[in-house]
Amino acid sequence: MKYSKEAKPERAGGGGGAGARAVPVALMLLLLCGFSFYLGGIYSTGRTFTFSTTTTSIIPIVSTTKQEGSAIALAIAGHGNGNGDEEVEFSECPAEYQDYTPCTDPKRWRRYGNYRLSFMERHCPPPPERAVCLVPPPRGYKPPIRWPKSKDQCWYRNVPYDWINSQKSNQHWLRKDGDRFTFPGGGTMFPNGVGAYVDLMADLVPGMKDGSVRTALDTGCGVASWGGDLLARDILTVSLAPRDNHEAQVQFALERGIPAILGIISTQRLPIPSASMDMAHCSRCLIPWTEFGGLYLMEIQRVLRPGGFWVLSGPPINYENRWHGWNTTVEAQKADFDRLKKMLASMCFRLYNKKGDIAVWQKSLDAGCYDKLTPVTTPAKCDDSVDPDAAWYVPMRSCVTAPSPKSRAKALPKWPQRLGVAPERVSVVPGGSGSAMKHDDGKWKAATKHYKALLPALGSDKVRNVMDMSTVYGGFAASLVKDPVWVMNVVSSYGPNSLGVVYDRGLIGTNHDWCEAFSTYPRTYDLLHADGLFTAESHRCEMKFVLVEMDRILRPTGYAIIRDNPYFLDSVASIAKGMRWTCDKHDTENKENEKEKLLICHKQLWSPKKA
């Protein structure tokens, strides 16, 4: 991401006297003060930025004006003129871009170091290297199988990857069956099926049955069968996997209609606030938990709630019976298990339950354990220099995050009651309060009713994967909780961080900066909802880049509901037409509000011109 330098002030004309020179000097001082304030605001976020010397970038766009005919023209990728008069048509990306993930692109991995697999983390291309084109669907792509059938099968041509099938079919991850993949629900550590595996886990963690456990994190998720099974148990899981040699794990999960996101526990914090997950899970995820001083365990400790559970299956659990299949020795596995137990105990976990291949630890609610830790103990206690909820390009810290006194003192209500109860964290959001959240819920309940009248697909089996691109409290997601959908709530990394409130309500989401590409594969969402996004980000993000990214992640035949100032909607409609979308403009549920309108767009299914 690059920012432009301020333009230099013009020189005062004529005269050349002291009075004439005083004006530009004063203006220069004023600009320098303002620029210093701007830099202070940026660097306080903890990110490092580079600055460009230009204010625009040049991208290839096909002109559709009569004067230009079909010739290729160069257009300035700015914010648009705001009147919607200019029509543009974006070129198609080459066929090899069908699974393009800009910020986790394997073609760019060699530029980054191998330390702790950090090359698999987010590394977004600078604007001059962005592919500003329309990502084509694979040959033979067709609308996904609808939920709930999609949980068990998907079209082969939509995710045409044979490597994972040939390598993992013996573990029953998935199986190629004619024109589709089927998902038997197997896994490395659950040969009897994911249902039996989760049944045993629920016996070990009774909170999985009574609504105490609602939000979960699955690290190294495979094709997300664990998260898929939990959906029927009213547990909402963020399935996490990097883009690696297991081709398109996250894409398989999303094609099935199961929440998932690209990510890896490496050097940066996960884009999730502290004390957000009721449970975290690793089933032979190959994360070296006891290496680097237990740094990866400390990240799990950060995101788990006090009283939350960490579930591990695979090495070194049940090493007494399993070691011979792990290419190791029983002595080495015993030593690793002992080291793991010691590390977890030092981080205020206790071994909660264990049976067969599954071990469960619980994060302590006891303040006395955390009070024993200091910045100089081993492990150290985190100081207050970095907000524990800050998670956008924030390096992981080798220290234990002590829960706040409020989070230890008051347990969250069980699901579904917690959805409507304002959590303690609402008070840390600027302007946040229980009444503000209640008002927000009422607003989105009315808005969603209006949306469904305009877009009947919403609430039907035509829409499964939904993203709210600019949420505050998760009110839009709360209004859809009874529909056959799940919602990825996105909270801006540059605004008030209310994502903790979203998780406390029993919903899921992530921090994100819409000047960059999202951590997902192409064609993974059925509906994108953007409330005031272009107004909020117009001073930072180029509209064309944001819309082309929306096109990348939206499924063909998917929808976008864009709620914004009419000034921006006119430009959006013009650009959307060039992306082969059809859009209609509507009033909001408040017809008298002239400052806010709706644009409901439908992405068309098109075939690439070139193989």
Side-chain angles (χ1 to χ4, degrees), residues 1 55-93 97 100 102 125 127-128 130-137 455 467 469-470 490 513-518 522-523 525 527-586 596-606 608:
M1 175 182 8
T55 59
T56 55
S57 57
I58 305 298
I59 59 173
I61 297 178
V62 180
S63 173
T64 59
T65 60
K66 294 180 180 179
Q67 292 81 358
E68 297 293 336
S70 59
I72 302 294
L74 288 178
I76 301 297
H79 295 297
N81 57 16
N83 58 23
D85 294 338
E86 181 185 2
E87 292 184 7
V88 295
E89 182 180 345
F90 294 91
S91 60
E92 296 177 12
C93 299
Y97 277 67
Y100 179 51
R130 291 181 180 177
V132 188
C133 52
L134 305 183
V135 174
L455 183 62
M467 179 187 290
M469 299 175 66
S470 50
V490 180
D513 174 9
W514 282 111
C515 295
E516 300 181 358
F518 193 76
R523 305 174 302 280
Y525 284 87
L527 174 68
L528 302 178
H529 177 251
D531 172 38
L533 177 68
F534 294 99
T535 295
E537 303 289 9
S538 61
H539 65 294
R540 298 193 314 110
C541 309
E542 294 187 4
M543 181 181 288
K544 288 188 178 76
F545 286 150
V546 178
L547 285 166
V548 169
E549 173 62 6
M550 291 171 66
D551 181 81
R552 184 185 72 88
I553 66 180
L554 189 62
R555 285 172 167 171
T557 72
Y559 303 91
I561 300 177
I562 303 170
R563 185 185 184 108
D564 219 311
N565 187 292
Y567 172 85
F568 290 104
L569 292 187
D570 290 339
S571 293
V572 169
S574 176
I575 297 171
K577 185 176 181 181
M579 299 191 306
R580 311 178 193 184
W581 292 12
T582 58
C583 299
D584 293 310
K585 196 173 182 179
H586 301 274
E596 189 178 54
K597 297 296 179 182
L598 296 175
L599 199 66
I600 298 182
C601 300
H602 186 210
K603 178 179 176 178
Q604 306 300 309
L605 172 58
W606 50 271

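Here the structure is a predicted model, which means the values were calculated and not measured.
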Worksheet item: For W581 and M550, what are the C-alpha separation, side-chain angles and deciding distance, and is it a side chain to side chain contact (heavy atoms under 4.5 Å, CB included)?
Response: CA-CA 11 Å; W581 292 12; M550 291 171 66; 4.2 Å; yes
Discussion item. Assess the residue pair S538 and M543 against the criterion (side chain to side chain contact (heavy atoms under 4.5 Å, CB included)); give the C-alpha distance rounded to whole Å, side-chain angles, the decisive distance to 0.1 Å, and a yes or no.
Written reply: CA-CA 7 Å; S538 61; M543 181 181 288; over 6 Å; no
Discussion item. Walk me through whether K603 and T557 qualify under side chain to side chain contact (heavy atoms under 4.5 Å, CB included).
Written reply: CA-CA 5 Å; K603 178 179 176 178; T557 72; over 6 Å; no
Practice prompt. Under the side chain to side chain contact (heavy atoms under 4.5 Å, CB included) rule, what do V88 and K577 come out as? Steps first, then yes or no, please.
Written response: CA-CA 8 Å; V88 295; K577 185 176 181 181; over 6 Å; no
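Nearest heavy-atom pair, P566 versus K597, reported as atom, atom and distance to 0.1 Å: CG-CG, 3.7 Å. Scanning all heavy atoms of the two residues, the minimum distance from Y97 to V135 falls at O-CG1, 3.1 Å. Annotation for Y100 and R552: closest pair O-NH1, 2.8 Å, computed over non-hydrogen atoms. Between V546 and W514 the shortest heavy-atom distance is CG2-O, 3.4 Å. Of all the heavy atoms in R523 and P136, the pair that sits closest is NH1-O, 3.4 Å.
Taking the side chain as every heavy atom from C-beta outward, C541 and D513 approach each other to under 4.5 Å. Here the side chains of F568 and L533 are not in contact, with every heavy-atom distance at 4.5 Å or above. Under the 4.5 Å side-chain criterion, counting only non-hydrogen atoms from C-beta, H529 is not in contact with I562. No side-chain heavy atom of R555 sits under 4.5 Å from any side-chain heavy atom of Y525. Contact of the Y567 side chain with the V572 side chain is not registered, since no non-hydrogen atoms from C-beta on lie closer than 4.5 Å.
One finds the SG atom of C133 at 12.5 Å from the CE atom of M579 (value rounded to the nearest 0.5 Å). How far CD1 of I600 is from CG of D584: 7.5 Å, rounded to the nearest 0.5 Å. Expressed to the nearest 0.5 Å, how far CE of M467 lies from CE of M469 amounts to 7.0 Å. The CG atom of L569 lies 9.0 Å from the CD atom of E596; values are rounded to the nearest 0.5 Å. Note: C583 SG to I575 CD1 = 11.0 Å, rounded to the nearest 0.5 Å. With rounding to the nearest 0.5 angstrom, the CG atom of L599 is 8.0 Å from the NE2 atom of H586.
Cation-pi geometry between R130 and F545 is met: under 6.0 angstrom from the ring centre, within 45 degrees of the axis.
Side-chain polar atoms of D564 and T535 form a donor-acceptor pair below 3.5 angstrom.
Between H602 and Y559, the angle of the ring planes stays under 30°, which puts this pair in the parallel group of the 30/60° scheme.
Ion pairing of E92 with R580 is present here, as a side-chain N (NZ or NE/NH1/NH2) and a carboxylate O approach within less than 4.0 Å.
Side-chain atoms of S470 never come within 3.5 Å of backbone atoms of A530 as a donor-acceptor pair (strictly under, hydrogens ignored).
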